[in-house]
Amino acid sequence: MSSVLRRGSACLATAALAVALAVAGAVGPAGAAVVEEGPQDAGGVAATLGGEMTAKAWAHVKGGSRPGNVMAGLFEMKVDGGGTLQTYCVDVNTGTVNGAAYKEVGWSESSLQNNPRAGKIRWILQNSYPRVDDLAALARKSGAGTLDADLAAAGTQVAIWRYSDGAKVEANDPAAEKLADYLYENAEDLKEPAASLSLGPLAVSGRPGTRIGPVTVRTNADGVTVTPSGDAGPRNVKIVDKAGRPVTTTTDGGRLYFDVPAGTPDGGASFTAAVNTEVPVGRAFIGDRIRTQTMILAGSSRSAATAVATVQWARKGAVPAVSARKKCAEGGLEVAAGNRGDKPYAVVIDGRKHRVGPGRSRTVLVKAAEDRPYRITVTGPGGFSRTFSGVLDCRTGAPEVTTATAVGDTTGGAGPSPSGSGPGTGSPGSAPAGGSGSPGRSGLPEPDADSDLAVTGSRGASPATVGVAAALVVLGGTAVFLLRRKRTAATDE
């Protein structure tokens, strides 16, 4: 790589860091922002992407906007609170960020939304490596000859990309390609797996002196631990069942209530549900407030999963309950505002005013730009305020703005040409070719320790610097946010 390119990348990385820190200050986990951050995740596993793929081999993307070679294989994530996950990617043209935080979501909140072939991806995961660890049997069934972990992972990833991205991609090794063809041609349509843990609704409201709820628990675990948090201490607000009995554990289908004693000053509280379970194969994982490659689960140890529900109460007047969820098919966030009080209230959602009557609720779709940070503010009566922030990442493929040379990102996108000469492909995380390498299993050069060639799962940027691609994403999103703040509020009765 030229010294000019290195300097330019360093400058842009510095800009990325400065802007990322500014955004983190606005939406990060410190100060009043924590109190005001509204619930928008139903719950599940949170994990961190490791810096090295556990099994990989070369593949080749043919045609399209970013043809070239790419490492195809298996990633590993460490679960917050304990556990490990094995994942493949479902977005061949988007780079990963080493150390990026991920969260478990349903297919409708990921790039698999509205993909009629998503069920076939789950079949592939159920019928290939690492779920099937007898590689000799897998090789016989697929006619692949001989498979090791690297080739099995590469063939599985190639088959997945054909369904997740509609990509024309082939494994460079004949055995891996044979496996990919077998999986692709024999895949059957399976249903989307259930969440490891979820709560709904995420926010409820009501009057002191009553049981407020219910919040329904959904999980594949045998048992769920329930812990009051915030102001919901054992001598004040309690978590109970429908009969008013205190609850510390529950199971799938459990219906929980907040028991708010009469005379309790107006306020709010929350509880945390926690499980330790294997995450169902086929669950999607997306970046948590960061643009990174979407993953799909191939295997799980017993892992920690959590979910949080909140309550708001008041002795008189309106009592708002506000939550949000990502609506990928509609290109934004759906904000739900409820009212369990005896008077209507005006709620301002992203600068627009809406009326919510007593005993009623209202949902409002707030559009957000793909691959850009969003920050949506909701205000209501008595100083009520909630914010919802994140990055909308609902489609496969990287935006044009990130296709320069996002040096430092790891990639699942097309990489440098196998000859090691000529320009890079322009996919996120790829750098111009020119590094040296020795031939690998398929006759392709493997990047050496000093090469700038980007390889999926290695030499990636940290979430702090993110790299050129993230700098441009954050800068663009910040500009959109500032322009949005200037918009004149309109009234929608």
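Along the sequence shown, residues are numbered consecutively beginning with 1. Because the structure is a prediction, the values reported are computed rather than measured.
Contact between Tyr88 and Pro130 at its shortest, heavy atoms only, is OH-CD, 4.0 Å. Gly282 and Pro193 make their closest contact through C-CG, 3.6 Å (heavy atoms, listed as atom of the first residue, atom of the second, distance). Between Val158 and Val169, the shortest heavy-atom distance links the atoms CG1-O, 3.5 Å. Closest of all the heavy-atom pairs between Thr306 and Ala274 is CG2-CB, 4.1 Å. Across every non-hydrogen atom of Leu151 and Leu147, the tightest pair is CB-CD2, 4.0 Å. Of all heavy-atom pairs spanning Ala187 and Trp123, the tightest one is CA-CE3, 3.4 Å.
With contacts defined as side-chain heavy-atom distances shorter than 4.5 Å, the pair Val217/Leu256 qualifies. Side chains of Val366 and Val335 form a contact here, defined as non-hydrogen atoms less than 4.5 Å apart. Side-chain contact check for Asp371 versus Leu392: every heavy-atom pair is 4.5 Å or farther apart. Counting only heavy atoms from C-beta outward, the side chains of Val224 and Thr251 never approach each other to under 4.5 Å. Residues Ile349 and Thr377 have side chains not in contact (no heavy-atom distance under 4.5 Å, counting atoms from C-beta outward). Between Val45 and Phe285, some side-chain heavy-atom pair lies under the 4.5 Å cut-off. The side-chain heavy atoms of Cys328 and Ser108, taken from C-beta on, include no pair separated by under 4.5 Å. At least one side-chain heavy atom of Tyr102 sits less than 4.5 Å from a side-chain heavy atom of Met295.
Summarising the geometry, atom CG belonging to Leu179 is positioned 4.5 Å from atom OG belonging to Ser142; distances are rounded to the nearest 0.5 Å. Taking CZ of Arg283 as the start and OG of Ser300 as the end, the distance is 12.0 Å to the nearest 0.5 Å. Here Arg122 contributes atom CZ and Leu297 contributes atom CG; the two are 10.0 Å apart, rounded to the nearest 0.5 Å. Of the inter-residue distances, the one linking Gln293 atom CD with Thr87 atom OG1 reads 8.5 Å to the nearest 0.5 angstrom. For the atom pair Gln157 CD and Ile296 CD1, the distance stands at 10.0 Å (nearest 0.5 Å). Note that the CD atom of Glu170 and the CD atom of Glu177 stand 4.5 Å from one another [nearest 0.5 Å].
Between Lys56 and Asp150 there is no salt bridge, since no side-chain nitrogen of the basic residue lies less than 4.0 Å from a carboxylate oxygen of the acidic one. In summary, Arg289 and Glu37 engage in a salt bridge, as defined by a charged side-chain N under 4.0 Å from a carboxylate O.
Residue pairs meeting the side chain to side chain donor-acceptor pair (under 3.5 Å) criterion with at least one member in residues 192-201, sequence neighbours excluded: Glu104-Ser196.
Not counting sequence neighbours, the partners of Lys103 by the salt bridge (Lys or Arg N to Asp or Glu O under 4.0 Å) test are Asp41. Every residue two or more places apart in sequence or in another chain that forms a side-chain contact (heavy atoms from CB on, under 4.5 Å) with Ser301 is listed here: Thr84, Ser303. A search for side-chain hydrogen bond (donor to acceptor under 3.5 Å, both in side chains) contacts involving Gln40 returns Tyr374, not counting sequence neighbours. Legend: residues meeting side-chain hydrogen bond (donor to acceptor under 3.5 Å, both in side chains) with Asn114, ordered by chain and number and at least two apart, are absent. Taking Ala46 as the reference, Asp80 meet the side-chain contact (heavy atoms from CB on, under 4.5 Å) condition, with sequence neighbours excluded. For Thr54, the side-chain contact (heavy atoms from CB on, under 4.5 Å) partners at least two apart in sequence or on another chain are Leu74, Glu76. Tyr163 is linked by a ring-ring contact (aromatic ring centres under 6.0 Å, His included) to Tyr184, counting only residues two or more places apart in sequence or in another chain. Remark: Asp181 engages Arg162 in a salt bridge (Lys or Arg N to Asp or Glu O under 4.0 Å) (not counting sequence neighbours). In terms of the side-chain contact (heavy atoms from CB on, under 4.5 Å) criterion, residue partners of Lys327 (sequence neighbours excluded) are, by chain and number, Arg325, Glu330, Glu334, Leu365. Thr48 meets the side-chain hydrogen bond (donor to acceptor under 3.5 Å, both in side chains) test with no other residue; sequence neighbours excluded. With sequence neighbours excluded, no residue forms a side-chain hydrogen bond (donor to acceptor under 3.5 Å, both in side chains) with Ser111.
Remark: side-chain polar atoms of Glu370 are paired, donor with acceptor, to backbone N or O of Arg395 under 3.5 angstrom. The backbone N or O of Ala195 lies less than 3.5 Å from no partner atom in the side chain of Arg218, so there is not a single donor-acceptor pair.
Defined by atom type and a distance below 3.5 Å, a donor-acceptor pair is missing between the side-chain atoms of Thr219 and Asp252.
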Derivation of the side chain to side chain contact (heavy atoms under 4.5 Å, CB included) call for Val92 and Thr396: CA-CA 8 Å; Val92 69; Thr396 58; over 6 Å; no

Side chain to side chain donor-acceptor pair (under 3.5 Å) evaluation trace for Thr94 with Arg291: CA-CA 9 Å; Thr94 299; Arg291 166 67 171 163; 3.1 Å; yes

Step by step, would you call Ser128 with Thr156 a side chain to side chain donor-acceptor pair (under 3.5 Å)? CA-CA 7 Å; Ser128 190; Thr156 306; 2.6 Å; yes

Between Ile121 and Leu112, is a side chain to side chain contact (heavy atoms under 4.5 Å, CB included) present by the stated rule, with each step listed? CA-CA 10 Å; Ile121 296 174; Leu112 293 174; 3.9 Å; yes

Worked check of side chain to side chain contact (heavy atoms under 4.5 Å, CB included) between Ile376 and Leu333: CA-CA 9 Å; Ile376 298 167; Leu333 242 67; 3.9 Å; yes

Determine whether Asn115 and Trp107 satisfy the following criterion, side chain to side chain contact (heavy atoms under 4.5 Å, CB included), listing intermediate values before the conclusion. CA-CA 9 Å; Asn115 184 339; Trp107 290 351; over 6 Å; no

Show the numbers, then the answer: is there a side chain to side chain donor-acceptor pair (under 3.5 Å) between Thr294 and Asp91? CA-CA 6 Å; Thr294 299; Asp91 191 352; 5.0 Å; no

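Open room surrounds CG on Asp222; 12 or fewer heavy atoms of other groups in view lie less than 6.0 Å from it.
Of the residues listed (Val279, Val275, Asn276), the one engaging Leu197 in a side chain to side chain contact (heavy atoms under 4.5 Å, CB included) is Val275, and it is the only one.
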